[in-house]
Amino acid sequence: MRRVWFGALSAALLSLCLSCVAGHLLSLPELDTQIQLQEQLISQHNDSAYVQRVMRLAKSAEMRSYMQPQLDACEDFFAYSCGNWPKINPAHAAQPRETNYQQLLANGYRHKQQRLLEQPADEDSDDLAVLKLKQLYASCLRYRQTPLPLYRQQLQEIAAAFGRMPALALPGQLWPAEAFDWLATVAQIKGTYGLDILLLLQQAPELQNQTRRRLYVGQPPRSAVEAPHEVAAQLEQHLGLEASLARQTAQQIVELESLLAKGMSSRPLGVLTEQRSPAELANAYAPTFNLTHYVELVLQRPLQPDELLYEHVDSYQAHLLVVLAQTPPQALANYIFHKLLQHFYYDRSAPVVARCMDSATQLFPELLTNMAYRQYGAASTLDDIDAVWQQIKRSFYNLLEHSNSTEWLSLDTRRLVLDQVNATRLLVNGYAHLNFTERYKSLELKPHDFLFNLGAVLSQRSALEPPAVVPTGPAYDPLENQVLLPVALLQPNFLWSRFYPRALRYGSLGTIMAEQLAHSLDTRDAWDAATLAEFGKRKSCYRHQYERLRYAGNYLPSSELQDNNMADNAAIQLAYLGYRRYLANLATTALTTEQLPSLSHSPEQLFFISYAQLWCNDANEQFRDKQSLLLTGTPNALRVQGALANLADFARVFGCARESPMNPEQRCLLYGKSVN
Ligand SMILES: *[C@@H]1O[C@H](CO)[C@@H](O)[C@H](O)[C@H]1NC(C)=O
Ligand SMILES: *[C@@H]1O[C@H](CO)[C@@H](O)[C@H](O)[C@H]1NC(C)=O
Ligand SMILES: *[C@@H]1O[C@H](CO)[C@@H](O)[C@H](O)[C@H]1NC(C)=O
Ligand SMILES: *[C@@H]1O[C@H](CO)[C@@H](O)[C@H](O)[C@H]1NC(C)=O
Ligand SMILES: *[C@@H]1O[C@H](CO)[C@@H](O)[C@H](O)[C@H]1NC(C)=O
Ligand SMILES: *[C@@H]1O[C@H](CO)[C@@H](O)[C@H](O)[C@H]1NC(C)=O
């Protein structure tokens, strides 16, 4: 349902390149600063006719730079629209193995967030939480100047709160193994910083009924096993271990880590779960460890005898018994302390801005998103986006209600679908409902001490709640029945600008929203049997069509999972219908605003090009082979080809000859009929 999607390119960037044309300059980082300056200058200009002209020229240059207009749009529309992309943003043998629009959009967004964090703190206009986040970020930037001995001493102090790390014992000093209680140590770390080492404890919704919450105890999330030389380098660099001790300790740590990983499942919380009473949890792994004791240590209260807990992956706990029996306490302790301190390691040689942006994003994901939302989510922007959304919903509604090619939906099911479409809401995911001042009111930070601040933020978070994750792509949330758009999409001059033709807004933003709206109908439990049978026929049309498409020389694997392909098809159809309705209400004199300078394409053609260009990408050979064999999703090029070939209007708009690849005789259609 959520796929890797797209990104976009700042128009201001292109305005710089109006003269340079050779787009490969675009990926140079030093250009970013220039672009931002340029963007500032242009947007501060008060002559809107001038701004409009520049913006439209820039967008036209951007769109043209990706195209290969000498190709036949009716043969391969993806190559026609995106053929030049690989020259501008080439994928590499190593990283990045794929380049796409999404990355460009994400980079632009990150730069904007960085600028927001670097704006001087303003006691009058910034709210208290924002001041704290800026303080954290500034302390991170400054921390690079902390002398190495002081940094190492701070790490030692963080560890010392929980006992002693054997590798840090002074020469000749004994590490008292009998005084080490691993279960109490991980429980104390969990209680202080919320970190799940060796065991997990988490409050989370029940899988079947998300309104009910449960307390899960058991296997921590599975993570990649580290390379021994990397761990050794960390121990040397951050803790000052002598090289041979670092190597030896790293070896121990990695061996234990890979041993643990063998018993781990990557299934989500709640899938492999067993309901347990405190008595059962106390006895299950006795005498080696007592999970009830662990939970009570973290919660700092006794469990009631009838309190229910949920054990996550009991086979992992059984595996842990075996691992513990063969692991010396020193190795276990080194592992635990390394896992703890890793959250505090500060690589002084790494690029400092990137490092501190990572911390800000990980520690304050919602607040940072909210800052961008408040900067870019002006009421007029949100209104413009909402207008597209409403138009698309109305188009869908009319299609279902009036078209005789949706007669395959029984009256009852059609009613269900209509109600579902009507009830689905759009939300730009900016966390406007959260009171951050309240949330961070007890957080106290220090201006220069980043490690202290890091610890303060971690310990201020609820130990039982997993860290928040802000979705980076659009998504449909069935629980709230809403389509979520990421704030990154609000960046002006990417997909959206009040100066661009609406064709672009409908072709990009519109298809993105329509796709998620289509996904709101993926749950078909309540459909009647006859309708489901008809649906099955339509779905198999898509299955046969897509398995005849070839990628990197191979046919796509046949798949029963067609929801994404069908949502692609519905999306382009609905956005197109919405755009047609918009055009129909537009005075003919206003039609010129629906074109772009230096592009001879009609408004409707621009609509289709902007859709295709959302999916421009380049992938290296290995990446392509992997994708065509495993197929995590339909490759971008075929998503565009498949969905547009099914839309008769596309063939009409581009005047495609009958039987050309983009105008096939056989089409698959789920909802509705063509406009003309
Ligand atoms: C635009 O800016 C110029 C000076 O840069 C100023 O004289 C003029 O009044 C401004 N116009 C508007 C409409 O703000
Ligand atoms: C989900 O749980 C809540 C609270 O326990 C309950 O009221 C509701 O009926 C449950 N819903 C379903 C679908 O079981
Ligand atoms: C487990 O821990 C609980 C609470 O700390 C304690 O009451 C119980 O006796 C322990 N059970 C075993 C089998 O050790
Ligand atoms: C749709 O229905 C109308 C009358 O309700 C009919 O005249 C028309 O032929 C139908 N169109 C198709 C494509 O079936
Ligand atoms: C759509 O939903 C609104 C309430 O959210 C309701 O007032 C309206 O009548 C519905 N429209 C249709 C056509 O069902
Ligand atoms: C947010 O919380 C603060 C501090 O608890 C409170 O003073 C303020 O009124 C709250 N703001 C809103 C909008 O509720």
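Just follow the structure's listing: the first ligand is 1, and inside any ligand the first atom is 1. Bear in mind that the values here come from a model prediction, so they are computed numbers and not experimental data. Worth knowing before you read on, the calculation uses all heavy atoms, side chains too, and leaves out hydrogens, waters and symmetry mates.
- In terms of protein heavy-atom proximity, atom 5 (O) of ligand 3 is closest to H293 ND1, 3.0 Å.
- Side chains of K339 and L198 form no contact here, defined as non-hydrogen atoms less than 4.5 Å apart.
- Using a 3.5 Å distance cut-off with no hydrogens or angles, the side chains of N370 and R374 do pair a donor with an acceptor.
- For atom 4 (C) of ligand 5, the closest non-hydrogen atom on the protein side is N422 ND2, 4.6 Å.
- The protein heavy-atom contact nearest to atom 3 (C) of ligand 6 is N435 ND2, 3.7 Å.
- Remark: ligand 3 atoms within the under-4.0 Å shell around heavy atoms of A282 are 1 (C), 11 (N), 13 (C).
- A distance below 6.0 Å separates the ring centres of Y576 and F607.
- Listed by number with element, the atoms of ligand 3 under 4.0 Å from a non-hydrogen atom of E296 are 4 (C), 5 (O).
- At least one N or O atom of N290 sits closer than 3.5 Å to an N or O atom of ligand 3.
- In terms of polar-atom proximity, E438 is counted as a contact of ligand 6, with an N or O under 3.5 Å from an N or O of the ligand.
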Can you check side-chain hydrogen bond (donor to acceptor under 3.5 Å, both in side chains) on E515 and Y476, steps first, answer last? CA-CA 9 Å; E515 170 148 23; Y476 171 68; over 6 Å; no
Pairs of donor and acceptor atoms involving the side chains of residues 440-447, under 3.5 Å and at least two apart or interchain, shall be tabulated with distances.
unit_1	atom_1	unit_2	atom_2	d
K441	NZ	E438	OE2	2.8

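- Checking only distances, N283 never comes within under 3.5 Å of ligand 3, N or O to N or O.
- Put simply, atom 14 (O) of ligand 6 has protein non-hydrogen atoms near it, under 4.0 Å away.
- Every N/O-N/O distance between D419 and ligand 5 stays at or above 3.5 Å.
- Annotation: the span from T511 atom OG1 to Y506 atom OH amounts to 12.5 Å, rounded to 0.5 Å.
- Side-chain atoms of Y397 and E401 include no donor-acceptor pair closer than 3.5 Å.
- Two residues are said to be in side-chain contact when any heavy atoms from C-beta on lie closer than 4.5 Å; M371 and L117 meet this criterion.
- Using a 4.0 Å threshold on non-hydrogen atoms, atom 11 (N) of ligand 3 counts as touching the protein.
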